[in-house]
Amino acid sequence: AAARSRSAAVQPPAEEAALGRNIGGRDLEIPLSWFRYEEQQVEGFARQIDLRLSLALGPETTPRYVEVTLLPRSRARPSSRLLDGVYLHRFLPTQLAGFPGLVGKPLSDKEGFVGETVWYDPLSVDPFFAKCSAPVAAGASSRCVRTVHLGDGIAAVYVFDEDMLANWRSFDAVTEPLLRSIGVF
């Protein structure tokens, strides 16, 4: 029941107007309220589609905004693949606690990684992975980035507040039905 009410809270109204966009060879029907930028509310082909979704991923599953950028798959490398190839060599020896099931490793301040932390699931072959940056302004929250390959030809870059990592196990279960509803899968 909790999962049904959570997904119902983020579904767009059935009567909401939608736009046809094509990205990565896939035709999508996207509700107008999902677009982050008004200038992207045009029919046709796109190199990138920027969305802003309210998802039940905040503390205690409160709805919070997640920025989602859809790209052709060839333009995005999944975050989980960057773990071994890029970030592993920049880990500091300390390990952070904070989100059950995730390992937090701060990155060396060299090469532009000042104040950044990688959070990942160490037990998965294709791990959940997010790179978070310290807040730029006082009172702001840390922001995280996660890139994944989705359906045929499409990738998504998610940007969200770090405290949403408390619900990392639900991340894909919450986002996939919404993306499926517009034709990504």
Are F99 and W168 close enough that their ring centres sit under 6.0 Å apart?
no
When the ring centroid of Y120 is compared with that of Y87, is the distance short of 6.0 Å?
no
Roughly how far, to the nearest 0.5 Å, is the [atom2] atom of [Y] from the [atom1] atom of [X]?
X: L57; Y: D161; atom1: CG; atom2: CG; result: 11.0 Å
X: L178; Y: L55; atom1: CG; atom2: CG; result: 6.0 Å
X: S33; Y: L53; atom1: OG; atom2: CG; result: 8.5 Å
X: E60; Y: N167; atom1: CD; atom2: CG; result: 9.5 Å
X: L107; Y: L88; atom1: CG; atom2: CG; result: 10.5 Å

Count the heavy atoms of every other residue, nucleotide or ligand shown that sit under 6.0 Å from [atom1] of [X], and state whether that count exceeds 12.
X: E39; atom1: CD; result: yes
X: D152; atom1: CG; result: no
X: E38; atom1: CD; result: no

[X] side chain near [Y] side chain, heavy-atom distance below 4.5 Å:
X: F160; Y: L165; result: yes
X: V66; Y: V174; result: no
X: W34; Y: I182; result: yes
X: L70; Y: R21; result: no
X: R90; Y: E116; result: no
X: F45; Y: I23; result: no
X: D121; Y: L102; result: yes

Please confirm whether the backbone N or O of G20 pairs with a side-chain atom of E43, one donor and one acceptor, at under 3.5 Å?
yes
Donor-acceptor contact present, side-chain Q40 to main-chain D50, <3.5 Å:
yes
[X] to [Y] - nearest heavy-atom pair and separation:
X: R73; Y: L150; result: NH1-O, 3.4 Å
X: G58; Y: R64; result: CA-CG, 3.5 Å
X: G115; Y: D109; result: N-OD1, 3.7 Å
X: R47; Y: P72; result: O-CD, 3.1 Å
X: F129; Y: S79; result: CD2-CB, 3.0 Å
X: M164; Y: Y65; result: SD-O, 4.2 Å

If we check salt bridge (charged side-chain N to carboxylate O under 4.0 Å, His left out) with E67, which of these qualifies: R52, R143, R146?
R143
Group every Ile, Leu, Val, Met, Phe, Trp and Tyr by side-chain heavy-atom contacts under 4.5 Å, then state whether [X] and [Y] land in the same group.
X: I49; Y: L19; value: yes
X: V68; Y: V145; value: no
X: L28; Y: L32; value: yes
X: L51; Y: V42; value: no

Residues in salt bridge (charged side-chain N to carboxylate O under 4.0 Å, His left out) contact with E162, at least two apart in sequence or another chain:
none
